[in-house]
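These figures come from a predicted structure and were not determined experimentally.
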Amino acid sequence: MGNGSYKESVSIFGQYASGTITLASHIGDLPVTAIHQFAFYNCTKLRSVTVPEGFTTIEASAFYNCKSLQEVTVPETLQRVGDQAFYNCSSLASFIFPDGVDKISDNTFQGCTSLNTVEIPNTMTTIGMGAFEGCSSLGNIILPQGITTIGDGAFAYCTNLNQVTLPDSLREVPASLFHYCENLQVVTLPAALTSIGEGAFYHCISMDQVSIPSKVSQIGLNAFCECYGLESINVVKANMAYKSTAGVLYSKDGTILYCYPAGKIKKSPVVIPSGLQPETFGENVFLIPVGVKVIADNAFYRCPNVSGVIIPKGVTSIGKNAFFCCNNLMGVSLPVGISSIEDNTFYGCINMTSIQLPEGLTSIGRGTFCASGIKSINMPQDLQTIGDEAFSGTQIDHITIPDGVTMLGESVFANCSNLQSVKIPNGVTYIGSNAFSNCNLLANISLPEALETIGDYAFTDCFSLRKLTMPASLTSIGGGAFQGCMGLKYIVMNTQIPPIMSSWGTLDDTNECPIYVFEESLDNFLLDWKWSNYSHRITPMRGDARKGDVNGDGFVNVTDAITIINFILDRELGTFLPYLADVNSDGEVNISDAIAITRQLLDGQPR
């Protein structure tokens, strides 16, 4: 055991200590007053320590990760215990603080999973951040009057903690104080409390009710999220910032709905307003009161019981994550007047199969309907913005994007396994990375006339995609943009200058289908150092060919109409020149083109 000397005292440290030890009170004539920082760091075989009278300090991380340490006896002279002093001492069962200690430092007992008893003296004023985090055996703890400060997450993951009375001297409940305290049933909040921090009671699944005192003026985001047993949030009537109606938390004036308790179950029938179909809302319907203007962020976050929500006229804003992962939510009525739906609002609502978006809606946020059960949706004509991942992982099969939208963000329709066709307006200039990746059934898509950029992996693994016509405006194609599109029959490039490829693999695994380019642009493509990798597939489009002569025999006749039909039906083809197949110039090759040829022949037009 080594030592480091000071003028009047020494501190002690022991790097390889094990078993049961009693620390020396003196070294020579000098008293020992402190256990040095990291003194017994990672002494995994140390089981018991007795600290004699005269010691005043246990410095930071002194017993860090002493996993076998079961017992520590400290003297009445102890005044300070440093940060992480007993961090991850997973066998430590109890600890008694002597009178005179006024602070439990940050993370002092974090990870002490066997700690079940802690005695805190009346001299204590501060409990640090994460002080008891992860003390999963701690069942009850008495917090004496006089404690004025408790740090963030001080009791987070104390999964056996059952009941807590916070001292009257406390003014603020910090963020994440009881985060994931799954057995916590009763918490008594002090009358003089002024604020409850973000996520303070997050995932306290056994707590069935809570009473908000009169002086609380601030409740942080997610304060009561995932409290699945919480049926009611009750607010003292004298509170000037909040009120509760039927257990739901509102602003005092009733204009903001802050929190719908996750454990709340409908107690009485709700009359569905005329014009709405009751069967689309399920049995546990919540009718938001008239007068509410704002549904706050995370208001219904992971509420498993609510099946339908009827939002009245006058609501103009729905916050981020408002209905995040409400797994049993079937229907929500959105009134006219809502101009935007924020990020992740309906994320993961797997039982919501449809929703009527209101006229006047201009913006859909990031991940708004991601991973939901949406199968069909009509987008209003006023819509201008669709955020990244907005419909990723939904069950949508067809989609028509309004004319006001000019860009499609990252992964906006990624992993939509039922998506078969998309109509993109001609004003769209940008398709983001992974926008349609893994849309395995997507067979038809017309790229818009103004399109300039296709992002990385935008159409990766769209196995059913059969044809592509690149517009003249296209300037860049991202890496892997069409990788794995094994069903492609052809690609038509209407660009004079080869679009920039950001990396290799842009058109790999596309079934070696031909890439048609203008005759006058052929050399541009063959000399481009990335496009030249596909030189064996690049084919010039005949400038003298006649539209409709899809088999290239010099005539437009019934054979060409049959060839188009065979292409549509995915039958075996001989020569097929797709750049001549769009007879009616609508941007698509479909049955209408075969009909157009037939009509021309019946009209006797010379071919």
Side-chain angles (χ1 to χ4, degrees), residues 198-199 202-203 221-228 257-262 264 280-282 284 286 288 294-311 315 317-334 338-358 361-380 383 385-397 399 401 405 408-419 432-439:
E198 184 172 333
Y202 192 101
H203 201 78
L221 189 68
N222 292 333
F224 302 102
C225 277
E226 294 191 20
C227 294
Y228 297 127
L257 191 161
Y258 282 113
C259 184
Y260 183 93
K264 182 177 174 61
T280 64
F281 293 92
N284 192 12
F286 179 63
I288 293 178
V294 175
I295 298 173
D297 293 353
N298 298 56
F300 292 82
Y301 188 98
R302 291 188 183 275
C303 289
N305 297 321
V306 64
S307 64
V309 176
I310 297 173
I311 303 174
V315 173
S317 176
I318 301 177
K320 296 177 182 179
N321 305 301
F323 298 93
F324 184 93
C325 284
C326 291
N327 290 341
N328 289 309
L329 185 65
M330 297 170 57
V332 174
S333 68
L334 299 177
I338 294 175
S339 60
S340 66
I341 302 177
E342 299 295 333
D343 297 351
N344 301 316
T345 298
F346 298 102
Y347 184 105
C349 294
I350 56 176
N351 278 304
M352 178 186 285
T353 58
S354 66
I355 189 169
Q356 181 66 45
L357 300 180
L361 184 71
T362 61
S363 175
I364 295 175
R366 181 186 182 97
T368 297
F369 296 98
C370 182
S372 70
I374 292 291
K375 294 181 178 179
S376 63
I377 195 165
N378 292 319
M379 296 187 180
L383 191 65
T385 303
I386 303 175
D388 297 348
E389 304 176 33
F391 294 92
S392 177
T394 61
Q395 303 302 310
I396 289 176
D397 52 8
I399 194 76
I401 298 169
V405 175
L408 298 177
E410 297 180 4
S411 303
V412 62
F413 294 101
N415 303 307
C416 290
S417 56
N418 291 330
L419 186 63
S433 61
N434 291 291
F436 295 92
S437 63
N438 295 307
C439 292

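- Of the possible donor and acceptor atoms, one in the side chain of Thr362 sits under 3.5 Å from a partner among the backbone N and O of Ser339.
- Two residues are said to be in side-chain contact when any heavy atoms from C-beta on lie closer than 4.5 Å; Pro304 and Asn327 fail this criterion.
- Tyr228 and His203 have perpendicular rings, their planes meeting at more than 60° on a 0 to 90° scale where under 30° would count as parallel.
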**Message:** Tyr301 vs Tyr202, test: side-chain contact (heavy atoms from CB on, under 4.5 Å). Steps then yes/no.
**Reply:** CA-CA 11 Å; Tyr301 188 98; Tyr202 192 101; 3.6 Å; yes
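- Pairs of residues two or more places apart, or lying in two chains, that qualify as salt bridge (Lys or Arg N to Asp or Glu O under 4.0 Å) and include a residue from residues 363-372 are Arg366-Asp388, Arg366-Glu389.
- The closest donor-acceptor contact from the side chain of Asp297 to the backbone of Lys320 lies under 3.5 Å.
- Nearest heavy atom pair, residue Gly365 against residue Ala390, reads O-CB, 3.7 Å.
- Residues Gly409 and Ala435 share a closest heavy-atom pair of O-CB, 3.9 Å.
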**Message:** For Ile377 and Thr394: C-alpha separation, side-chain torsions, deciding distance, then whether side-chain contact (heavy atoms from CB on, under 4.5 Å) applies.
**Reply:** CA-CA 11 Å; Ile377 195 165; Thr394 61; over 6 Å; no
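- With a 4.5 Å cut-off on side-chain heavy atoms, Leu357 and Ile364 count as touching.
- With sequence neighbours excluded, the residues satisfying side chain to side chain contact (heavy atoms under 4.5 Å, CB included) with Ser417 are Gln395.
- Of all heavy-atom pairs spanning Ala262 and Cys227, the tightest one is CB-O, 3.5 Å.
- Note: Asn415 CG to Cys439 SG = 7.0 Å, rounded to the nearest 0.5 Å.
- Side-chain atoms of Ser392 come within 3.5 Å of backbone N or O of Ala414 as a donor-acceptor pair.
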**Request:** Please assess Asn222 against Asn298 for the test side-chain hydrogen bond (donor to acceptor under 3.5 Å, both in side chains), listing each intermediate value before the final yes or no.
**Result:** CA-CA 7 Å; Asn222 292 333; Asn298 298 56; 2.6 Å; yes
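- The CD1 atom of Ile341 sits 11.0 Å away from atom OG of Ser317, with the distance rounded to the nearest 0.5 Å.
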**Prompt:** Between Asn418 and Asp397, is a side-chain hydrogen bond (donor to acceptor under 3.5 Å, both in side chains) present by the stated rule, with each step listed?
**Reply:** CA-CA 5 Å; Asn418 291 330; Asp397 52 8; over 6 Å; no
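- With rounding to the nearest 0.5 angstrom, the NZ atom of Lys264 is 10.5 Å from the CG atom of Asn305.
- Counting only residues at least two apart or in different chains, salt bridge (Lys or Arg N to Asp or Glu O under 4.0 Å) contacts with residues 338-351 are absent.
- Taking the salt bridge (charged side-chain N to carboxylate O under 4.0 Å, His left out) definition, one finds that Arg302 meets it with Glu226, sequence neighbours left out.
- At distances below 3.5 Å, at least one donor-acceptor pair connects side-chain atoms of Ser307 with backbone N or O atoms of Phe281.
- Here the CG atom belonging to Leu383 is positioned 7.5 Å from the OG atom belonging to Ser363, to the nearest 0.5 angstrom.
- Of the listed residues (Val309, Asn321, Leu329), just one forms a side chain to side chain contact (heavy atoms under 4.5 Å, CB included) with Phe300, and that residue is Val309.
- Going from atom CD1 of Ile355 over to atom OG1 of Thr368 covers 10.0 Å, rounded to the nearest 0.5 Å.
- Across Pro380 and Leu361, no two heavy atoms sit closer than the pair CG-CB, 3.9 Å.
- Residues forming a ring-ring contact (aromatic ring centres under 6.0 Å, His included) with Phe369 (at least two apart in sequence, or on another chain): Phe346, Phe391.
- The ring-ring contact (aromatic ring centres under 6.0 Å, His included) check on Phe286 picks up Tyr260, with sequence neighbours excluded.
- Other residues, nucleotides and ligands contribute over 12 non-hydrogen atoms within 6.0 Å of the CG atom of Asn351.
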**Message:** Let's go through Ile318 and Leu334 carefully: what are the C-alpha distance in whole Å and the side-chain angles of both, what is the deciding distance for side-chain contact (heavy atoms from CB on, under 4.5 Å) to 0.1 Å, and is it a yes or a no?
**Reply:** CA-CA 10 Å; Ile318 301 177; Leu334 299 177; 3.6 Å; yes
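- Between atom CD1 of residue Ile399 and atom CD1 of residue Ile386 there is a gap of 7.0 Å, rounded to the nearest 0.5 Å.
- Summarising the geometry of Ile295 relative to Ala322, their closest heavy-atom pair is CG2-CB, 4.3 Å, with the distance given to 0.1 Å.
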